[in-house]
Amino acid sequence: MQELLSREHYQRVLEDRAVGKETKPRSAGGSDSASAKSGSKKSEKNKKAAKGLSAVDGVFPERDDCPPLGLETLKIDDFQLHASSMRHYGLGPHRGRLNIQGGLYEDDLYDGGWCAGRNDPLQWFEVDARRLTKFTGVVTQGRNPNNYYRRRNEVTTTDNLDFRHHSYKEMRQLMKVVNEMCPNITRIYNIGKSYNGQKLYAIEISDNPGEHELGEPEFRYTAGSHGNEVLGRELLLLLMQFMCQEYLSRNTRIRRLVDETRIHLLPSVNPDGYEKACEAGSELSGWSLGRWSQDGLDIHHNFPDLNSVLWDAEAQKWVPRKFHNHHVPIPDWYRSTNATVAVETRALVSWMEKIPFVLGGNLQGGELVVTFPFDRTRSVTALREATPTADDHVFRWLAFSYASTHRLMTHASRRVCHTDDFAKEDGTINGASWHTAAGSMNDFSYLHTNCFELSMFVGCDKFPHETELPEEWENNRESLLVFMEQVHRGIKGVVRDVQGKGIANAIIAVDGINHDIRTASDGDYWRLLNPGEYRVTVRAEGFSVSSKVCSVGYDIGASRCDIVLGRSNLSRIKEIMQKFNKQPISMRQRLRQRHLLDT
């Protein structure tokens with residue numbers, strides 16, 4: 001009834017405007033205030049009650065800011081969307097939202113838009129706003145790129161942060177402000193430049209910024225590899241402000257995290273793409289504008305395909321004797337100057353090789369789910385196939401640590417935006433849903449470095465309106481902190497020789513897990529593991545093999561597992577021979593010399 005009255009009143013306003021009449025508002029009860037006697041108290045009361053709705057022709061208030069109604073950001077639920085007809089349920093009115101991708105098959109339950117059941121001009125689509133609402137514009141989109149949106153309560157935040165979208169210049173200025181507020185725990189640096197020459201700025205948060213501390217793990221968050229996925233970029237800018245403020249406020253949790261971890265935040269991997277999306281705005285940028293780099297490359301999937309290199313070696317039974325199951329080398333063609341590699345990707349690769357990262361997360365958008373390696377299917381003919389890593393149990397825990405602390409990912413009534421067929425109830429998904437020819441950032445990080453990398457899809461709306469940033473921050477704040485704390489799960493230690501000197505590049509192997517890691521330049525290492533008891537074996541060139549049983553508890557805090565290696569007999573012989581300018585004689589040479597003497 002309220003809806004009908006609102007429509008009737010709105011129609012009368014339009015008619016009165018057309019004939020030049022003055023329109024008087026209805027009262028909240030639906031009666032016409034004009035019917036009341038002039039000058040009566042009741043009439044005055046009705047006018048005051050309607051005053052909040054009256055500004056333009058006595059109906060609507062004039063506002064400088066008109067945020068979106070909320071179809072894309074879950075505020076408008078499915079029951080508020082109606083249509084004249086639909087082809088099938090998967091193309092019903094609940095799918096009439098911006099920037100949601102369709103299913104893989106035509107009969108998927110959740111498809112990429114509303115499609116009328118009949119092809120004639122009498123079809124209509126309706127949104128029930130549930131209150132008198134002034135619409136200042138309509139954004140439409142062809143059926144393109146699925147999500148059972150639920151109605152959400154409004155969420156406010158008490159954090160005093162800069163909740164707005166930042167241009168490249170504003171982002172740089174905000175970093176300077178944070179650095180000036182917390183000069184003892186922050187450092188700004190860049191890892192390279194974009195195609196258009198914009199520096200890729202990162203901010204380090206640590207108690208000793210600028211240096212790697214022995215035994216302190218390195219963590220990274222990146223965002224904006226797809227330039228139009230702006231939410232992750234703003235979340236990292238909010239995170240750096242939050243950590244600075246809370247550190248100054250002597251927040252015990254934040255101080256422990258900063259004092260025991262070297263944290264790197266890279267908010268904008270693709271600033272060129274962001275500028276394209278930002279120019280169009282949050283409501284008009286669409287699904288793809290600004291997604292790729294300036295030279296048209298998908299940065300997240302522009303890494304070398306090391307999966308195939310490892311799997312081919314395994315098929316030849318070269319692993320582990322002839323080929324390592326970790327630190328897979330990058331093919332020479334990929335490093336050549338004429339390779340189709342974005343300059344941003346090259347900067348990321350160099351950064352990842354330079355710093356001994358242990359754990360990382362790249363923030364993306366358009367979804368509510370956490371994905372983990374492998375992103376590529378092992379079977380070439382399989383379009384979708386689960387392809388777990390040797391550390392699948394660890395990746396599942398890491399993914400769950402983020403998803404379970406997010407306000408929406410694991411909610412009982414939530415349905416993910418695009419990949420509903422694969423997402424589990426815990427809000428996580430193995431990344432190997434699609435067969436791709438290129439390597440992903442997650443797979444590359446796992447196979448080429450020690451770092452375990454996951455992708456956090458932090459919201460269905462890739463480019464939310466500025467007014468929605470406080471709520472999105474509340475949705476993700478705890479998850480961002482909890483995931484960082486997971487870098488302290490597992491075992492850590494230093495591999496030294498008998499003189500106490502750290503041994504670099506030593507191989508750390510865990511029985512039962514076919515994926516090894518290596519020590520950093522100072523001999524320290526970190527191995528992410530779930531709670532349990534593990535036999536750890538360490539190998540290094542020129543040293544004897546050593547094994548040790550190490551236990552991992554349930555509490556946060558990596559278990560200490562230091563290992564001392566003694567020189568091997570062969571290395572001692574080589575050292576003595578070199579000292580006296582003599583080369584060791586191989587067994588074959590000895591046999592040949594003995595044969596010549598006998599003859």
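For this chain, numbers begin at 1 and follow the sequence in order.
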Checklist line | Aromatic ring proximity, centroids under 6.0 angstrom, Tyr189 and Tyr201 | finding: no
Note to self: What's the separation between atom CG in Leu368 and atom OG1 in Thr410, rounded to the nearest 0.5 Å?
What the structure shows: 10.5 Å
Next item on the list: Establish, from distance only, whether the side-chain atoms of His327 and Asn450 form a donor-acceptor pair under 3.5 Å.
Entry: yes
Checklist line | Main-chain N/O of Ser401 paired with Thr405 side-chain donor or acceptor, under 3.5 Å | finding: yes
Check: Got a sec, which residues hit salt bridge (charged side-chain N to carboxylate O under 4.0 Å, His left out) with Glu478, two or more places apart in sequence or on another chain?
Finding: Arg253
Note to self: Rounded to the nearest 0.5 Å, what separates atom NE2 in His94 from atom CD1 in Ile76?
What the structure shows: 15.5 Å
Margin query: Please evaluate residues His465 and Asp461 with respect to the criterion side chain to side chain donor-acceptor pair (under 3.5 Å), reporting the C-alpha separation (whole Å), side-chain torsions for both, the decisive distance (0.1 Å), and the verdict.
Written below: CA-CA 9 Å; His465 192 270; Asp461 191 349; over 6 Å; no
Margin query: When you measure from the side chain of Asn179 to the backbone of Ile188, do you find a donor-acceptor pair of N or O atoms at a distance under 3.5 Å?
Written below: no
Next item on the list: Would you give the length of the straight line joining atom CD of Gln364 to atom NE2 of His226, rounded to the nearest 0.5 angstrom?
Entry: 5.5 Å
Next item on the list: Determine, step by step, whether Met240 and Leu237 satisfy the side-chain contact (heavy atoms from CB on, under 4.5 Å) criterion, reporting the C-alpha distance in whole Å, the side-chain angles of both residues, the deciding distance to 0.1 Å, and the verdict.
Entry: CA-CA 5 Å; Met240 72 176 186; Leu237 295 178; 3.7 Å; yes
Margin query: What I want to find out is whether Arg346 reaches Glu353 closely enough, with some N-O distance under 4.0 Å, to be called a salt bridge.
Written below: no
Check: Do Asn228 and Phe463 come close enough that some side-chain heavy atom pair is under 4.5 Å?
Finding: no
Check: Taking atom OH of Tyr334 and atom OG1 of Thr340, what is their separation to the nearest 0.5 Å?
Finding: 10.0 Å
Note to self: Holding to ring-ring contact (aromatic ring centres under 6.0 Å, His included), I want the full list of residues that pass it with Phe242, two or more places apart in sequence or in another chain.
What the structure shows: Trp473
Margin query: Surrounding OH of Tyr554 (heavy atoms of other residues, nucleotides or ligands, distance under 6.0 Å), is the total greater than 12?
Written below: no
Check: What's the spacing between Leu248 CG and Glu246 CD if we round to 0.5 Å?
Finding: 9.5 Å
Note to self: Main chain of Lys193, side chain of Asn190: is a donor-acceptor contact present, judged purely on distance under 3.5 Å?
What the structure shows: no
Next item on the list: Verify, without hydrogens or angle tests, whether Asn184 (side chain) and Ser206 (backbone) share a donor-acceptor contact under 3.5 angstrom.
Entry: no
Check: Would Thr222 and Asn362 count as a side chain to side chain donor-acceptor pair (under 3.5 Å) if you check the C-alpha gap in whole Å, the side-chain angles of each, and the deciding distance to 0.1 Å?
Finding: CA-CA 5 Å; Thr222 61; Asn362 55 83; 5.1 Å; no
Next item on the list: Just do the salt bridge (Lys or Arg N to Asp or Glu O under 4.0 Å) check on Arg291 and Asp298 with the steps written out, would you?
Entry: CA-CA 7 Å; Arg291 174 182 175 89; Asp298 186 330; 3.4 Å; yes
Item checked: Over 12 foreign heavy atoms within 6.0 Å of OH, Tyr195 -> no
Next item on the list: Carefully, step by step, assess Gln486 and Tyr402 under the rule side-chain contact (heavy atoms from CB on, under 4.5 Å).
Entry: CA-CA 10 Å; Gln486 303 312 305; Tyr402 193 98; over 6 Å; no
Next item on the list: List the steps and the verdict of side chain to side chain donor-acceptor pair (under 3.5 Å) for His326 and Arg518.
Entry: CA-CA 9 Å; His326 64 288; Arg518 300 199 181 194; 2.9 Å; yes
Item checked: Flag, side chain of Arg97 to backbone of Leu71, donor-acceptor distance under 3.5 Å -> yes
Checklist line | Met484/Met243 under side-chain contact (heavy atoms from CB on, under 4.5 Å): CA gap, chis, key distance, verdict | finding: CA-CA 12 Å; Met484 280 194 289; Met243 296 193 71; 3.9 Å; yes
Check: For the side chain of Thr345 and the backbone of Val341, is there at least one donor-acceptor N/O pair under 3.5 Å apart?
Finding: no
Notebook entry, point to check: Where the side chain of Arg527 meets the backbone of Ile491, is there a donor-acceptor pair that is under 3.5 Å apart?
Noted result: no
Check: Is there a side-chain contact between Arg477 and Leu239 (heavy atoms, below 4.5 Å)?
Finding: no
Next item on the list: Would you verify whether the NZ or CZ of Arg233 falls within 45 degrees of the ring axis of Tyr274 while also being under 6.0 Å from that six-membered ring's centre?
Entry: yes
Item checked: Side-chain heavy-atom pair Phe457, Met409 within 4.5 angstrom cut-off -> no
Next item on the list: Under the ring pair (Phe, Tyr, Trp, His ring centres under 6.0 Å) rule, what do Phe357 and His264 come out as? Steps first, then yes or no, please.
Entry: CA-CA 10 Å; Phe357 290 112; His264 304 258; 5.2 Å; yes
Check: Can you tell if the side chain of Phe395 reaches within under 4.5 Å of the side chain of Pro373, non-hydrogen atoms only?
Finding: yes
Next item on the list: Answer yes or no: is there an ion pair linking Glu170 with Arg164, defined by an N-O contact shorter than 4.0 Å?
Entry: yes
Check: If every non-hydrogen atom of Ala342 is compared with every non-hydrogen atom of Ser293, which pair is closest and at what distance?
Finding: CB-OG, 4.3 Å
Check: Any side-chain heavy-atom pair from Leu469 and Leu235 closer than 4.5 angstrom?
Finding: no
Check: Residues two or more places apart in sequence or in another chain: which of them pass salt bridge (charged side-chain N to carboxylate O under 4.0 Å, His left out) with Asp295?
Finding: none
Check: For Glu472, does its backbone N or O pair with a side-chain atom of Asn476 as donor and acceptor, under 3.5 Å?
Finding: yes
Notebook entry, point to check: Which atom pair, heavy atoms only, marks the closest approach of Ser268 to Met171?
Noted result: CB-SD, 3.9 Å
Item checked: Test ring pair (Phe, Tyr, Trp, His ring centres under 6.0 Å) applied to Phe372 and Phe374, step by step -> CA-CA 6 Å; Phe372 50 90; Phe374 284 121; over 10 Å; no
Margin query: Distance to the ring centre below 6.0 angstrom and angle to the axis at most 45 degrees; does that hold for Arg396 and Phe400?
Written below: no
Margin query: Counting C-beta onward and ignoring hydrogens, is there a side-chain heavy-atom pair between Leu359 and Phe483 closer than 4.5 Å?
Written below: yes
Note to self: Show, in sequence, the C-alpha distance, side-chain angles and deciding distance for Glu211 and Arg262, and conclude whether the salt bridge (Lys or Arg N to Asp or Glu O under 4.0 Å) test is met.
What the structure shows: CA-CA 9 Å; Glu211 62 179 274; Arg262 191 180 181 203; over 6 Å; no
Next item on the list: Determine yes or no for a side-chain-to-main-chain donor-acceptor pair under 3.5 angstrom, with Asp159 supplying the side chain and Leu161 the backbone.
Entry: no
Checklist line | Stepwise side-chain contact (heavy atoms from CB on, under 4.5 Å) check, Leu200 with Ser194 | finding: CA-CA 7 Å; Leu200 307 180; Ser194 70; 4.2 Å; yes
Note to self: Is the ring pair His515/Tyr446 parallel, tilted or perpendicular, if the boundaries are 30 and 60 degrees?
What the structure shows: parallel
Notebook entry, point to check: Can you tell me how far CZ of Arg220 sits from CG of Leu236, rounded to the nearest 0.5 angstrom?
Noted result: 13.0 Å
Notebook entry, point to check: Is a donor on one side and an acceptor on the other found under 3.5 Å between the side chain of Glu466 and the backbone of His165?
Noted result: yes
Margin query: Applying side chain to side chain donor-acceptor pair (under 3.5 Å) to Asp272 and Gln198, what does each step give before you reach the verdict?
Written below: CA-CA 8 Å; Asp272 300 345; Gln198 299 187 93; 2.8 Å; yes
Check: Are any non-hydrogen side-chain atoms of Leu447 and Phe303 less than 4.5 angstrom apart?
Finding: no
Notebook entry, point to check: Does some side-chain heavy atom of Leu69 sit less than 4.5 Å from a side-chain heavy atom of Phe135?
Noted result: yes
